[in-house]
Every structure is written in C-alpha cells, then in structure tokens.
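These figures come from a predicted structure and were not determined experimentally.
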Amino acid sequence: MRLISLLGLVIPVLLSTQHTHAQIKNAKTATVKIFGNTPAVKTIIEKEGKDGQFAKVDWNQTTKLAVVTYDSSKTSADEVLKRIALAGFDNEKFLAPDDAYIQLAKAEQYERILKPALKNGTEHQVDHTNHGQGVQTTIQPSANTKSADEKTAFALLTNPYFA
C-alpha cells in the first residue's frame, strides 16, 4: 500500500519535470496573420512552423492569427514564416510560391487576397527573391502598367485620409 502511494507521488513529479524541459529557451513570441481555411491546414501550418525545440506555432482557423513562439538565439520569426510560406500559405511577411500553393489539396486552397491580381488587363509581377532557405516577396508593377492608373489608385487611397 505504501509503495503504491509513493509511486502515485513520484510519477507526477517525473512527468512534470519532463514537461518543463520541453519548453523553448530564450522564448519570444510574435502574432502574425497566416492565410488558410480548413482544420487540416492548421495541422500543416503548425507542423511546418515547428522546429524541434526552437520554434512552435499555434494557428487559429477562425481569426487566421498564429502565435509563433521561438528561441531567439537559434531562429527568428521570419525563418518560421518562410517555412510556412514555402509550404503554400501566405502570411504577413511572405507570399507562398505559386507552385507550392497549387500543390495544396483543392479543399486547402484559400482565397489569396495578398496575391497581386489582374488590373485593367495588366498583370503585376511578383519578384520572389531567395533569402537563405525562404522566399521574400516584393510586388513590382509590370512595364505595361500605366502611371496614370497608379496615380488614380494612389489618389483614391490618400484623398479620404487627407479629407
């Protein structure tokens, strides 16, 4: 009887110390928007963002917000977001490459609101620059985009602000 009660005390203590070792050292957190649409996407995003004991991601499907917790001495939030973008999911800092997005299952493909769209028959080109293992994306208008259209679009954005 005494042995059972002793084991009842020792086992929870051992399990709790194992849990504390699994925490991320030098932890920093960032909250970022990552686009996706299904519960299966949650699993993929969290798996791609996880980096052993150095990073973990907790993504909320409803709000599209992810809490990225990472070891600041080993990695950065940008590195985690690059891995997620390379898996096919746009986020605040990086756009997913088109080929990664297309490889997602049809049900997992979401509306890409950050992806440049066609405007008046002209196309915006996306420049994917390789930075280490990830992809940094900048949007550049193509050569046939009219500057008058840009001025009009700019005026439409700024006039209400200055009014």
Side-chain angles (χ1 to χ4, degrees), residues 22-147 149-162:
Q23 292 180 354
I24 297 173
K25 296 178 181 176
N26 302 315
K28 288 194 176 187
T29 59
T31 303
V32 293
K33 190 162 198 140
I34 301 174
F35 295 91
N37 59 356
T38 65
V41 167
K42 176 179 175 61
T43 305
I44 296 168
I45 289 172
E46 290 178 353
K47 179 183 158 213
E48 291 298 324
K50 185 176 179 180
D51 183 16
Q53 297 176 348
F54 305 126
K56 73 175 188 169
V57 177
D58 184 25
W59 183 71
N60 184 315
Q61 178 186 348
T62 307
T63 61
K64 310 275 190 266
L65 292 177
V67 177
V68 179
T69 307
Y70 60 97
D71 183 339
S72 60
S73 67
K74 303 286 184 187
T75 189
S76 67
D78 284 352
E79 289 297 319
V80 174
L81 292 175
K82 285 177 192 177
R83 287 195 306 271
I84 293 170
L86 290 172
F89 301 98
D90 295 339
N91 56 65
E92 290 177 355
K93 294 195 175 192
F94 303 99
L95 291 178
D98 290 335
D99 58 337
Y101 175 78
I102 291 169
Q103 289 179 1
L104 294 174
K106 200 68 164 165
E108 295 170 354
Q109 292 181 354
Y110 51 93
E111 183 181 349
R112 298 184 80 184
I113 57 177
L114 295 178
K115 176 92 173 129
L118 293 175
K119 178 182 174 185
N120 297 334
T122 60
E123 190 175 326
H124 285 83
Q125 297 172 350
V126 179
D127 176 28
H128 296 285
T129 308
N130 189 357
H131 291 282
Q133 297 175 353
V135 176
Q136 174 103 20
T137 304
T138 56
I139 302 171
Q140 299 174 342
S142 58
N144 59 357
T145 303
K146 297 177 183 172
S147 61
D149 287 343
E150 290 175 2
K151 289 179 183 176
T152 305
F154 183 72
L156 288 172
L157 290 173
T158 57
N159 286 346
Y161 175 77
F162 289 116

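Within the 4.5 Å cutoff, the side chain of W59 has heavy atoms near those of the K64 side chain. Looking at heavy atoms from C-beta onward, D78 lies in side-chain contact with F94 at the 4.5 angstrom threshold.
Among all heavy-atom pairs drawn from V57 and A66, the shortest one is CG1-CB, 3.9 Å. The two residues A96 and F89 make their nearest non-hydrogen contact at CB-N, 3.5 Å. Contact between A87 and E48 at its shortest, heavy atoms only, is CB-CG, 3.5 Å. A55 and T75 get closest at one heavy-atom pair: CB-CG2, 4.3 Å. The two atoms that bring T69 and A27 nearest to each other are CG2-CB, 4.1 Å, heavy atoms only. Taking each heavy atom of P97 and A85 in turn, the nearest pair found is CD-O, 3.4 Å.
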Q: Quick one: do V32 and K93 satisfy side chain to side chain contact (heavy atoms under 4.5 Å, CB included)? Show the steps, please.
A: CA-CA 9 Å; V32 293; K93 294 195 175 192; 5.8 Å; no
Q | Intermediate values then yes/no, side chain to side chain contact (heavy atoms under 4.5 Å, CB included), V80 and V68 | A | CA-CA 8 Å; V80 174; V68 179; 3.8 Å; yes
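A salt bridge links D98 with R112: the distance from a Lys NZ or Arg NE/NH1/NH2 to an Asp or Glu carboxylate oxygen falls below 4.0 Å. The residues K42 and D58 are annotated as salt-bridged, a charged nitrogen and a carboxylate oxygen being separated by less than 4.0 angstrom.
With sequence neighbours excluded, the residues forming a side-chain contact (heavy atoms from CB on, under 4.5 Å) with N26 are D71, S72, S73, listed by chain and number. For Y101, the ring pair (Phe, Tyr, Trp, His ring centres under 6.0 Å) partners two or more places apart in sequence, or in a different chain, are Y110.
In this structure, Q109 contributes its side chain and I102 its backbone to a donor-acceptor pair below 3.5 Å. Counting only distance, with no hydrogens or angles, the side chain of E108 and the backbone of V41 share no donor-acceptor pair below 3.5 Å.
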